[in-house]
Amino acid sequence: MYTSIVFKRCIHRVSHVFLANCIERLKTQNDKNDPQALHNECNWLYLNKPAIEYHDLENVKIISYRELKAAKEIVSNYLKHIVCSEFIGIDFDILEYCVPSLMLGILNSGHAFFNVPKDPLTYTEIFSSLNVKYIFTTSITSNRNIIHPFNIHGQSIYLTKLVDVQENYNRRWYHFAYAIATSGSTGTPKVVKVSHSCILPNIVDLKKILDITSSDKIAQLTNFTFDPSIIEIFLNLCCAATLFMVSKALKNETVRLLEKIFHAHVTVLQITPSLLFHQWSTERLKTTILDKDSKLRILLLGGESFPSMKLLSKASHPRNTTRLFNIYGITEVSCWSSINEIVKNNVYESCLGEPLSETVFQIRNEDNQITIKGDGTLYIGSTTRICIVGNESEDLNKLIFRDTGDIVSVDDQHRIFYRGRRNNIVKRFGNKVNLRELERVTTELNFVRNCATFWDAERHKLYLCLSIIDTKEEFSKLRDDIMSHLKTLPAIYKPDKIIIVERFNFTTSGKICQTSLREICRNSETEIVSVNNLHINEIFENLWNNHIKSRDAGFLMSGGTSIAALQISSVATQAFNTEFPELIGMLLKDFTFDQCINYIRSILISDKGVIDMSFNDKILSKDTKKILNTEEGKTYNDTLKKEENIKSLLKNISNIEILKTYNLQKCVDASPTIYRCSVTELYATVASHSGIICTVNLLKTDVSYEIKLPNRIEASVLVLADFHGIVGCYDGYIYCIHLKTGDIIWKFQTQDMVKCTAIMCTQGSKIFVGSYDFYVYCLSAEVGDIFILNQVLFHSQDGIQIWKTKASQGGICATGCLHQQSTSVLFGTLDGSCLALHQSSGRIIWKRKLQNPVFVAPVVLRTGYALFCSVAGTLCCFDIETDCQIWRYMIYGNVFSYPVIWTPDSTSDEYIILASHNKNLYCLEMPQRTIEENEPKLKYTLQLQSPIFATSWCENGYMFVACTDGIFKVFDLLEGKLLATKQLPSETFSSPVVHNDLAVLGCRDNNLYVLKLN
């Protein structure tokens, strides 16, 4: 009825030409709904023509269309006896040239096929998902019964039925052509059932776009478990072309394979870029399939990002006429979704091109909103090209969009450019790194054939693996060239290690195997561990040269950065298996190579003056040994308990539960602020790298508010009355905002990013905050406040600058601290300066300088003394009123976590809790105010499993610690005994805040966590 109505309207309104187009369009749609549509698209007009040309190592086998048709009809006639619609398997052991006949026979009988992968785990999952009962195979196993033997092109093949499989007669809503498993590049491998209406438009489109005719010879090199193989086979059959197939043995002989492709006059080749350039050198390609006399008309490159035009130009003869295409798609919308012909010698980047028929592209930003410009995730949609993924319902009659997992960018001309996989964008030192961008820039080098990056999240290391074109250059020269070239990228992209790979391993889909890459990178670390035969100078020289080309000047003057300093310090710690706490500071103070190596040597020299390179025990300086072996100190190792403590640990894990999570879109490194507005209103506010500030009601966890600032936030929010919050942002502004509505009350601009948390003066009228622009700012936080500055009376307004003072030549990232006795505010800076500024005027009333940067806030002891801690782990206690250093204490480890003062309720004792990057947490007992004792005593040390950046929370005799590996732990403060633990899913840099039985902290999985402490 619907068809006839459309016809009548066409007759009345349009010409006969348009009517013919309507009929053709309806016919095409009906063909795609036909359960034999893919089979019926094949061209059987040239029965004497070669359908398949099969090459082994020695022989060539020709199968005509007449032979192909006869074989598929034998299969089809038998399978028609199986009345229920079934997925029928084709085993991986069947010879390649028999597979097309089996596919055609299965389709012609109204069934669907799937190619069984070699991996038993994968095919077991497919069997279960597809309710498989029948499989074509050449081998017989105990769990299969032979139903019928076949002779297909001279090969004995058996149709078998699985034993003990329950019958399932569920109606199929879709006419499926085949099923396939995803490669897992978009996540966990999934089973995809592909309808005729999904795959057929690809065949029709490519036939027209590529101008395929019966004269073509199409290479079939793709593994049958990868869906582009379907395109190769059926694009060939629908045009009555010749399918060029090869044996598995010939595929492994890459040089002979290229010669066969060239001399057999293959005209169409579809391949992944990695496989193309890794199997064959640019010189071999240039003299064979990309030569001036090559018969190759079409080269389709897909499955990965398109290679650089510089590499393609190097592999092609100047007079080569092969047409290049960038083809893109995902298995979930099988198979290709867009195509773009590449103009040779075009210096511009290749875009994805136009979507193919019945395919829609949609780009969504980080807020899941559709965008027409900028970066976002690509989604592919259609109302007809719909596959069934996993256990989805088969009754899908609407526009369905699939998440590709690919990041793309859209320019002003609406062109879409591939930017890499979403999971290839990683967080490194708190910054976003697109691994694809590093690969792209590396492949611009002439000697780089192929490259792949690997991010080791556990070790926080970035590896750059590459295969190179034959060159006589030494590795050190190549490494220098690579590092020099990579300077076009931000410093955060600099790899920790460059590895030359003789040969990459590939998946069955022709993509670089990530599992193999991980193994290569992990194994390369044995080079670092086995350095006992090398000289110390050689080891550190390699580390230095990886980041800095010159040794003639200081680190900073030679181009060093803070990120490079962190990398060098981290790798040196691993290479020598010991801590070098002052190394970061030395590098950031522009020390030279010789100065740094002398420091490292001094640490590694034992008491006898002998260098110990055994790596069996951590090497400690004299001061460190004194601390760890002191009689009054005890060491607790919560990872090496005896049996009874393990049982207790396992029992106590359940005592911490996740009450609620809130997704803030990006890393939550800032620490929360908890505050109470009434008896029934307890709130927590935290910000994230996305700029989102989330406020949640901790007593009614379904109530939350979100607002967003223009850039990322690492500072905690200072909360005032009436839900007003003050926070600094990476855009250089200090904002006062309403935490529920998002209204900006006021904002104040500094000259650099603000990572420092603001603090309030005692009266509540002023705030103090530092910026990376070297200044400390005092701003008014209360309308109507009256103050005197330089003997002038002022009447303030919110957000007005009262004073600003340049603290030093270093940025300020740590929070300040009020010093009531001197009515000053204390700050530490990144050049090591420690200072006290008068709260009313901003005048510097006291200043000292430590040898290393200060990343953490100072604290004031009960005595009024000010305690500053450098990144090198040096604690310095000052009496700022007399300008006297009271004591100095070394913990021998980098410190990024704030010191915490703990005073037990029942005693007058005072303790300092300090966590370190060296995986230790220290409890120091403060001396009583006597002449005899000046230094604190070590009460205990907790040895944890990972570094600690977060500040511990100490309250009511408990200590709450978040380690970078995501483990949240609760200790008894007095004894250091582990009470409970909870694993979070990602790294944790946010400090926990505890209120009664609730703990709140952020995580690098983008979530804020509310934990219940039972």
Side-chain angles (χ1 to χ4, degrees), residues 183-185 254 272-282 303-308 310-311 418-421 423-428 433-471 473-489 491-530 542-543 545-547 564 567 570-571 574-575:
S183 64
S185 61
T254 56
T272 62
S274 289
L275 212 52
L276 178 71
F277 289 107
H278 196 77
Q279 288 189 125
W280 305 306
S281 68
T282 53
E304 295 175 324
S305 56
F306 197 79
S308 70
K310 184 181 291 186
L311 188 61
Y418 178 80
R419 293 291 177 245
R421 303 286 305 142
N423 54 13
N424 281 347
I425 297 178
V426 301
K427 296 291 178 59
R428 187 183 192 210
V433 175
N434 187 337
L435 302 182
R436 165 64 196 137
E437 186 67 7
L438 177 57
E439 292 171 352
R440 184 189 66 79
V441 173
T442 303
T443 53
E444 292 175 352
L445 291 163
N446 291 331
F447 57 83
V448 175
R449 175 186 296 168
N450 207 348
C451 81
T453 52
F454 178 74
W455 171 245
D456 192 329
E458 294 177 23
R459 302 180 181 182
H460 212 76
K461 296 191 73 173
L462 177 58
Y463 298 86
L464 177 61
C465 303
L466 49 106
S467 63
I468 59 174
I469 297 166
D470 293 336
T471 176
E473 296 284 357
E474 295 288 334
F475 173 68
S476 58
K477 174 64 168 62
L478 295 176
R479 183 191 58 203
D480 290 345
D481 291 343
I482 294 168
M483 286 303 196
S484 177
H485 183 68
L486 292 181
K487 285 184 177 179
T488 59
L489 291 172
I492 196 69
Y493 280 84
K494 188 171 290 183
D496 292 297
K497 193 165 190 179
I498 297 174
I499 303 172
I500 302 295
V501 178
E502 185 175 344
R503 179 174 178 80
F504 285 109
N505 290 328
F506 291 86
T507 64
T508 56
S509 303
K511 301 176 183 178
I512 294 175
C513 176
Q514 289 297 307
T515 303
S516 171
L517 202 62
R518 175 190 177 92
E519 187 176 347
I520 290 170
C521 297
R522 286 286 176 94
N523 288 343
S524 74
E525 292 306 313
T526 58
E527 300 170 17
I528 292 181
V529 176
S530 305
N542 287 337
L543 297 179
N545 290 340
N546 277 338
H547 302 273
Q567 287 178 284
S570 176
V571 177
Q574 183 183 2

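In what follows, every heavy atom counts, from backbone to side chain, and hydrogens, waters and symmetry copies are set aside.
- Taking NE2 of H485 as the start and CG of N446 as the end, the distance is 9.5 Å to the nearest 0.5 Å.
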Exercise for the section: Please lay out, stage by stage, how I468 and L478 fare under the test side-chain contact (heavy atoms from CB on, under 4.5 Å). Expected result: CA-CA 10 Å; I468 59 174; L478 295 176; 3.7 Å; yes

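- Considering all non-hydrogen atoms of both residues, L466 and C451 come closest at CB-CB, 3.8 Å.
- Atom CD of E437 sits about 10.5 Å away from atom CD1 of I425, to the nearest 0.5 Å.
- Distance CZ/F454 to SG/C465: 9.0 Å, rounded to 0.5 Å.
- Looking at N434 and R419, their side chains come closer than 4.5 Å, going by heavy atoms from C-beta outward.
- T488 and V441 make their closest contact through OG1-CG1, 3.7 Å (heavy atoms, listed as atom of the first residue, atom of the second, distance).
- You'll find the side chain of F447 reaches within 4.5 Å of the side chain of I482, heavy atoms only.
- By the 4.5 Å heavy-atom criterion applied to side chains, L462 and L438 are counted as neighbours.
- For L276, the side chain to side chain contact (heavy atoms under 4.5 Å, CB included) criterion is met by I271, W280, L285, L299, L301, not counting sequence neighbours.
- Counting heavy atoms from C-beta on, the side chains of P495 and Y463 never come closer than 4.5 Å.
- Dense packing is recorded around CD of E444, with more than 12 heavy atoms of other residues, nucleotides or ligands lying under 6.0 Å away.
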Practice task
Walk me through it: do I498 and M483 pass the test side-chain contact (heavy atoms from CB on, under 4.5 Å)?
Solution key: CA-CA 10 Å; I498 297 174; M483 286 303 196; 4.1 Å; yes

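- The two residues N450 and F504 make their nearest non-hydrogen contact at O-CE1, 4.0 Å.
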Practice task
Report the C-alpha distance between E439 and T453 in whole Å, list the side-chain angles of each, state the deciding distance to 0.1 Å, and finish with yes or no for side chain to side chain donor-acceptor pair (under 3.5 Å).
Solution key: CA-CA 7 Å; E439 292 171 352; T453 52; 3.0 Å; yes

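- Nearest heavy-atom pair, L517 versus A452, reported as atom, atom and distance to 0.1 Å: CD2-CB, 3.8 Å.
- Counting heavy atoms from C-beta outward, I499 and V501 have side chains that approach closer than 4.5 Å.
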Handout entry: Derivation of the side-chain contact (heavy atoms from CB on, under 4.5 Å) call for T282 and L311
Key = CA-CA 8 Å; T282 53; L311 188 61; 3.9 Å; yes

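- The side-chain heavy atoms of L464 and T442, taken from C-beta on, include a pair separated by under 4.5 Å.
- The distance from atom CG of D456 to atom SG of C521, rounded to the nearest 0.5 Å, is 7.5 Å.
- Considering S516, C513, S274 as possible partners of F506, the one that fulfils the side-chain contact (heavy atoms from CB on, under 4.5 Å) test is S274.
- Counting all heavy atoms, side chain and backbone alike, R436 lies closest to S305 at CZ-OG, 3.2 Å.
- Taking 4.5 Å as the limit, some side-chain heavy atom of R449 sits within range of a side-chain heavy atom of S281.
- Between P273 and E304, the shortest heavy-atom contact is CD-OE1, 3.6 Å.
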